[in-house]
Protein chains: 2
Amino acid sequence: MSRRPTLYDVAERAGVSKSLASLALQGSPKVAPSSRDAILAAADELGYRPNRTASSLVRQRTSTIGVHILDLHNPVFAEILDGVQERARQRGYSTLLVTGNADPSTERTEITGLLESRVEGLVLIAHRLSDADLEEFAREVPTVVVTWRTDGVPGLDSVSGDDEHGARLAVDHLAALGHERIVHVTGGDNRIARERRAGYEQGMAAHGLEPYVVDGSFTESGGYAGALTALDAGATALFVANDLAAIGALAALRDRGLRVPEDVALVGYDGMRLLESLDVTTVAQPLAEMGRVAADLLTDRIAQPGRESTYRRVETRVVARGSSGPRRGAARR
Amino acid sequence: MSRRPTLYDVAERAGVSKSLASLALQGSPKVAPSSRDAILAAADELGYRPNRTASSLVRQRTSTIGVHILDLHNPVFAEILDGVQERARQRGYSTLLVTGNADPSTERTEITGLLESRVEGLVLIAHRLSDADLEEFAREVPTVVVTWRTDGVPGLDSVSGDDEHGARLAVDHLAALGHERIVHVTGGDNRIARERRAGYEQGMAAHGLEPYVVDGSFTESGGYAGALTALDAGATALFVANDLAAIGALAALRDRGLRVPEDVALVGYDGMRLLESLDVTTVAQPLAEMGRVAADLLTDRIAQPGRESTYRRVETRVVARGSSGPRRGAARR
DNA sequence: ACGATTCGTTGGAACGTTCCAACACCCACG
DNA sequence: CGTGGGTGTTGGAACGTTCCAACGAATCGT
């Protein structure tokens with residue numbers, strides 16, 4: 001017989017009932033030491049593994065949370081995910097991860113799959129769901145959205161930095177360095193990109209500078225193309241909507257033979273680790289922390305479903321590096 | 001009642017038996033159109049979601065594969081994962097993702113958890129398991145190891161590039177550019193790092209050059225530190241054990257005020273996307289493809305468990321960029 | 001007109017657990 | 001010496017599906 005051993009097999013081999021075997025494997029103190037040893041030994045000899053699906057079914061809980069991640073390729077999301085996983089594990093949850101690859105309809109079906117798997121909660125590390133879908137999901141299961149504020153949906157919490165404020169900080173930083181021709185390369189037409197853009201515009205206005213905005217996207221190629229346009233417009237400083245795009249912008253600068261920061265300054269947004277090595281200034285968010293907060297909010301809400309909707313803001317700050325201001329390497333020498 | 005609706009609820013509302021409701025929801029052709037419509041309507045009105053745990057239990061299959069990823073932060077693994085997910089989804093499997101964070105013991109317990117969830121197969125995107133553990137897991141469930149060759153374990157397949165060969169290609173490339181003082185920054189003391197190092201040494205020997213090896217690791221900081229040592233040794237070209245470390249090396253070069261490639265040439269290993277923007281030469285592996293192959297091997301083996309152990313090698317090649325040879329940007333101008 | 005076939009439908013068993021109520025046993029207590 | 005309370009142990013029900021054998025009704029061929 002090559003069938004996987006079940007509790008019955010273990011119980012039989014140990015000469016006890018399935019119930020006692022179950023108790024013993026759960027570490028209950030009510031089982032006699034002698035039977036406990038016999039049961040554990042039998043389980044070991046048989047290579048027994050408890051069947052979580054059966055267990056979940058009867059217990060009415062899966063101890064699993066579902067995580068949707070917008071884009072696996074953006075290291076920023078990976079860093080958030082890492083925080084979610086860490087905290088979820090600590091709290092006794094496994095994670096079931098899916099991606100919609102930035103397509104709303106596969107996103108929908110993937111999350112539906114999570115619900116069918118009876119995840120106890122949902123963490124959406126960015127998403128492209130319609131409001132209706134989002135509300136539907138949040139109605140069924142505790143949900144937290146990471147990366148932007150979502151209010152007014154019952155059963156839903158959110159975590160993010162303040163994108164408008166962060167963008168203003170970036171402008172402040174560049175303006176303080178004496179830049180006037182600060183061009184913003186956008187992240188396309190989505191909520192976060194719009195907020196960052198708004199912050200940029202407010203910041204420019206506050207400094208009495210004329211805003212100049214060029215289209216981009218949240219990808220390397222978007223940053224590359226946007227940067228080229230910005231340079232043609234005579235930019236002396238680039239504020240790019242996210243770090244990935246900033247890396248693309250860096251390539252554009254290199255291809256144009258421009259030095260950073262001597263010819264053009266560069267600031268990104270997100271705070272992804274890699275930019276440290278690249279010595280690029282960025283508006284940093286505490287990514288892993290956002291993931292941890294998300295997991296905490298979620299597990300809290302699972303424990304207490306009625307709780308009112310909460311939003312947690314994490315701190316956003318400029319991490320100044322060599323791409324703006326004096327070069328770090330040069331300074332060190 | 002706020003209990004989630006079950007098949008019984010749907011059946012009752014539609015005025016049929018649970019069996020027929022089940023049939024209808026599975027899209028069986030044997031149910032009369034009129035009852036089918038009634039059942040579907042009832043399900044919709046109730047917001048019914050099939051319970052996958054119950055379904056898995058009785059069908060004796062979960063349609064889920066478990067994926068272990070060594071390190072979420074290395075975009076290389078994310079790219080492989082992407083391939084796995086894509087193909088798994090196509091073949092009708094969900095994925096359950098875990099990380100051991102490079103710690104063998106949490107790795108072990110995480111994978112044990114996957115087994116308890118009755119995943120039908122295991123994809124290990126790099127791992128630190130002992131041979132004994134690996135064999136134990138492979139005995140229980142079809143398994144494929146991505147990233148290095150693993151022979152002789154029944155029930156286990158593997159996919160990788162040829163690391164020794166790839167490293168030789170890197171040396172060939174640099175030697176062809178006229179470099180003689182090619183220093184290798186290692187990836188530490190692990191199997192892949194050793195293979196790449198061996199390939200480097202063979203390559204150097206083949207060109208009649210004297211090998212020079214400095215310790216590093218598969219991280220940015222390892223590459224940074226290793227590069228500094230290499231530069232002190234008078235390197236004119238750096239062959240760094242992986243791309244992440246190559247980014248660290250780039251930072252070291254920048255901090256030393258050295259130009260790439262005029263002063264020092266740089267070659268990485270893995271083929272991660274980001275390096276394209278950074279214009280760094282790398283020994284590229286088709287990462288997403290490796291993930292797809294892994295998923296294919298796995299689903300094949302699930303379908304046909306007796307199949308003999310197979311190894312699939314993917315092609316590895318040098319992608320020459322500006323960090324070795326004439327600068328791309330300059331050439332374009 | 002009657003058995004055979006098809007069509008649509010149904011109850012029941014099973015999947016592998018957990019948990020509850022109930023039980024047998026033993027010991028201590030009055 | 002009976003009673004009360006542990007202490008260990010047990011069978012059974014339940015979780016929400018799927019699937020099989022079996023069913024009644026309608027349709028078919030002869």
Side-chain angles (χ1 to χ4, degrees), chain A residues 1-40 42-43 46-64 92 113 115-120 140, chain B residues 1-40 42-43 46-64 92 113 115-120 140:
Chain A
M1 71 152 198
S2 69
R3 209 183 83 264
R4 297 203 74 138
T6 75
L7 249 193
Y8 278 94
D9 301 316
V10 173
E12 190 180 14
R13 177 174 256 255
V16 298
S17 73
K18 64 168 191 357
S19 305
L20 192 61
S22 172
L23 249 15
L25 291 168
Q26 286 171 80
S28 160
K30 339 193 65 180
V31 339
S34 63
S35 9
R36 204 203 55 217
D37 293 347
I39 292 165
L40 261 34
L46 292 174
Y48 170 74
R49 293 225 191 269
N51 184 330
R52 223 126 94 174
T53 60
S55 168
S56 297
L57 185 58
V58 60
R59 298 178 99 137
Q60 297 282 69
R61 55 171 313 205
T62 55
S63 298
T64 300
L115 259 23
E116 293 184 1
S117 297
R118 291 294 186 272
V119 295
E120 297 182 29
E140 288 191 48
Chain B
M1 75 154 194
S2 70
R3 209 184 82 263
R4 299 203 72 136
T6 74
L7 250 193
Y8 279 93
D9 302 316
V10 174
E12 190 180 15
R13 177 173 255 255
V16 299
S17 72
K18 64 168 193 352
S19 305
L20 193 61
S22 171
L23 248 17
L25 290 168
Q26 288 170 80
S28 159
K30 338 193 67 182
V31 338
S34 62
S35 8
R36 205 202 56 215
D37 292 347
I39 292 165
L40 260 34
L46 291 174
Y48 170 75
R49 295 227 189 266
N51 184 328
R52 217 120 104 170
T53 60
S55 168
S56 297
L57 186 59
V58 60
R59 299 177 99 138
Q60 298 281 70
R61 54 171 313 206
T62 55
S63 299
T64 299
L115 260 21
E116 293 184 0
S117 297
R118 292 295 186 270
V119 296
E120 296 183 30
E140 286 189 48

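Throughout, a chain's letter reflects where its sequence line sits, starting with A, and its residues are numbered from 1. Since the model is a prediction, treat every value here as computed from it, not as a measurement.
Closest to the side chain of Q26(A), from the set dT18(C), dT9(C), dC15(D), is dT18(C). Proximity note for R118(B) (side chain, C-beta onward) versus dT10(C), dG16(D), dT17(C): the nearest is dT17(C).
One interatomic measurement links the two molecules: NZ of K30(B) to C1' of dA22(D), which rounds to 12 Å at whole-angstrom precision. Taking atom CG on N51(B) and atom P on dG16(D), their separation rounds to 7 Å, with Å as the unit. What separates OH of Y8(B) from P of dT10(C) is a distance of 13 Å, to the nearest Å. One atom, CG of L20(A), and another, P of dT17(C), lie 15 Å apart when rounded to the nearest Å. As rounded to whole Å, 15 Å separates atom C1' of dG16(C) from atom CD of E12(A). In this entry the distance linking CG of L7(B) with P of dC15(C) reads 19 Å, nearest Å. Atom pair L57(A):CG and dT17(C):P shows a separation of 12 Å (rounding to whole Å applied). Counting to the nearest Å, the C1' atom of dT7(D) and the CZ atom of R36(A) are 15 Å from each other.
Counted within 6.0 Å of CD on E12(B), heavy atoms from surrounding residues, nucleotides or ligands total 12 or fewer; the atom is thus considered open.
S22(B) has a side-chain polar atom (N or O) that falls below the 4.0 Å cut-off from OP1 or OP2 of dT18(D). At dT17(C), none of the side-chain N or O atoms of S55(A) fall inside 4.0 Å of OP1 or OP2 (strictly under the cut-off).
Under 3.5 Å, the side chain of S19(A) and the base of dC19(C) form at least one donor-acceptor pair of N or O atoms. For a distance-only test at 3.5 Å, the side chain of K18(A) qualifies as a donor-acceptor partner of the base of dG12(D).
Side-chain contact between R61(A) and R118(A) is absent, with no heavy-atom pair separated by less than 4.5 Å. Within the 4.5 Å cutoff, the side chain of T53(A) has no heavy atoms near those of the L57(A) side chain.
A salt bridge is defined here as a Lys NZ or Arg NE, NH1 or NH2 lying under 4.0 Å from an Asp or Glu carboxylate O, and D9(A) with R3(A) meets this definition.
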| From CA spacing to verdict: side chain to side chain contact (heavy atoms under 4.5 Å, CB included), T62(A), S117(A) | CA-CA 8 Å; T62(A) 55; S117(A) 297; over 6 Å; no

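Contact annotation for S35(A): backbone-only contact, meaning every heavy-atom pair under 4.0 Å involves sugar-phosphate atoms and none involves a base.
Mapping G15(A) and L23(B) onto DNA chain D by nearest heavy atom places G15(A) at the nucleotide closer to the 5' end. Between R59(A) and Q60(B), the residue anchored closer to the 5' end of DNA chain C is Q60(B), taking for each the nucleotide with the nearest heavy atom.
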